[in-house]
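Labels below follow one simple rule: chain letters A, B, ... track the order of the sequence lines, proteins then strands, and each chain is numbered from 1.
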Number of protein chains: 2
Amino acid sequence: MSYKIKSRIWIESNNNVLLGEGRVHLLKAIQKTGSLSKAAKSLNISYKKAWQLLDSVNKSAKKPVTINSIGGKGGGGAELTEYGHSLINAFDEINKNCWAFLDQQLDKIKQL
Amino acid sequence: MSYKIKSRIWIESNNNVLLGEGRVHLLKAIQKTGSLSKAAKSLNISYKKAWQLLDSVNKSAKKPVTINSIGGKGGGGAELTEYGHSLINAFDEINKNCWAFLDQQLDKIKQL
DNA sequence: TTACGTTATATCCATGCAAATATAGCGAAT
DNA sequence: ATTCGCTATATTTGCATGGATATAACGTAA
C-alpha cells in the first residue's frame, strides 16, 4: 500500500560487470549442483545464458571464480574456487547492508 | 583498473515503479522546459515513451506529481507540483547517500 | 471560427535480444 | 573403440519492446 524502496547493486571491473544479483545466483547454484548445466536448469535459464554469464565473470575477475573441467568422470563439471566463495559472501553482506540503509532513508519520502 | 561498485535505486508503490533514475530525469526536464513534448526532445526519447513514464508516475503516486494542461495558450503544457519538486529532491539526496555508503562498503571486496 | 501547439492514444513495423536448436570437442570409464 | 555427460560455440527462430506515424481532442487567442 505504501512506498517501498528497492535497489540493485553490482560490481564492475574495467567497465565490465563482474558480479550482480543474477551472477551471484548462478554461482550459488553451481556450488550446489557441481555443474554449469545443472545450475542453469535449476535457475530456469538456458545453458547458453548461464555459460555467457559465467564466462564474463571469470574474464573480468582478478582471479578465477570457478574451475571448469571438460570431459572425465561424469562428463566434467564446475566448482567454485576459494576466491569465488569469498566474493559471493562479501556481495551478499554488502547487499544486505544496503537494504537496511535504504529502508532507513525511505522515511524521507514517506514524510512528504 | 580496479573494482567499482554501482547501484540503481527506485521507489515502488503497490508493485508499480513510482520513481527511478529515468523518471527523475524526465521530471527535471519538464521542470526546465514546461512541456512534456519538449522534455522528451531534450532527452532524445520518443514522446510516447515520455508520456508512458509520466503517466505511470502520476498513476502510482499518492498525490499528482505534474499538472498537465491540454489546449490553451501555447497549446498546453506540463508543470511540476510542489509534491513533485519534493519527491525529486528527496530521491536525489537518497541516491547520493547511497553512493557514499556503497563506496565505503567496497573495501570488503578489495581486501579479498 | 479558424489556426496553433500541445496532450493523449492507437496502429503498424523494424530491430534487437533471448530462447531454441544444432553441433563440435573433450576425457575418463568400460 | 565406444559411450556418456558435460563444456563450448555457432546459427536460426520467435517474440517483445520501442520507434515511427497518424490522428483525435482540447482551449486560448486572433
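Distance A/Ile45 CD1 to C/dC17 C1': 15 Å, rounded to the nearest Å. For B/Asn58 and C/dT7, the CG to C1' distance is 13 Å, given to the nearest whole Å. Between A/Leu53 atom CG and C/dA19 atom P the separation is 10 Å, expressed in whole Å. Between A/Glu79 atom CD and D/dC6 atom C1' there is a gap of 14 Å when expressed in whole angstrom units. Distance OH (B/Tyr47) to P (C/dT9): 9 Å, rounded to an integer number of Å. Going from atom CD of B/Gln52 over to atom C1' of D/dA20 covers 14 Å, rounded to whole Å. Rounded to an integer number of Å, the gap from B/Lys41 NZ to C/dT6 C1' is 10 Å.
Side-chain atoms of B/Asn58 come within 3.5 Å of backbone N or O of B/Val65 as a donor-acceptor pair. When atom types are taken as modelled, the side chain of A/Thr81 and the backbone of A/Gly84 share a donor-acceptor pair closer than 3.5 angstrom. Here the side chain of A/Tyr3 pairs a donor or acceptor atom with the backbone of B/Lys62 at under 3.5 angstrom. Counting only distance, with no hydrogens or angles, the side chain of A/Thr66 and the backbone of A/Glu79 share no donor-acceptor pair below 3.5 Å.
For B/Lys48 and D/dT17, a side-chain-to-base donor-acceptor distance below 3.5 Å is absent, hydrogens and geometry of angles not being considered.
For B/Ile70, the listed nucleotide lying nearest its side chain is D/dC26; candidates were C/dT9, C/dC26, D/dC26. Which of D/dT28, C/dA19, C/dT6 sits closest to the side chain of B/Lys73 comes down to D/dT28. In this structure, of C/dT7, D/dT7, C/dA19, it is C/dT7 that holds the atom nearest to the side chain of B/Leu36.
Residue A/Gly72 is classed as a base contact, given a heavy-atom separation below 4.0 Å to a base.
Here B/Ser37 reaches the OP1 or OP2 of C/dT7: one of its side-chain N or O atoms lies under 4.0 Å away. Under 4.0 angstrom from either OP1 or OP2 of D/dA8 there lies at least one side-chain N or O belonging to A/Trp51. In this structure, A/Asn68 does not reach the D/dC6 phosphate: none of its side-chain N or O atoms is under 4.0 Å from OP1 or OP2.
Two different hydrophobic clusters hold B/Val17 and B/Leu27 under the rule that ILVMFWY side chains link at heavy-atom gaps under 4.5 Å.
For the pair A/Lys49 and B/Ala78, both in contact range of DNA chain C, the more 5′-proximal nearest nucleotide belongs to B/Ala78.
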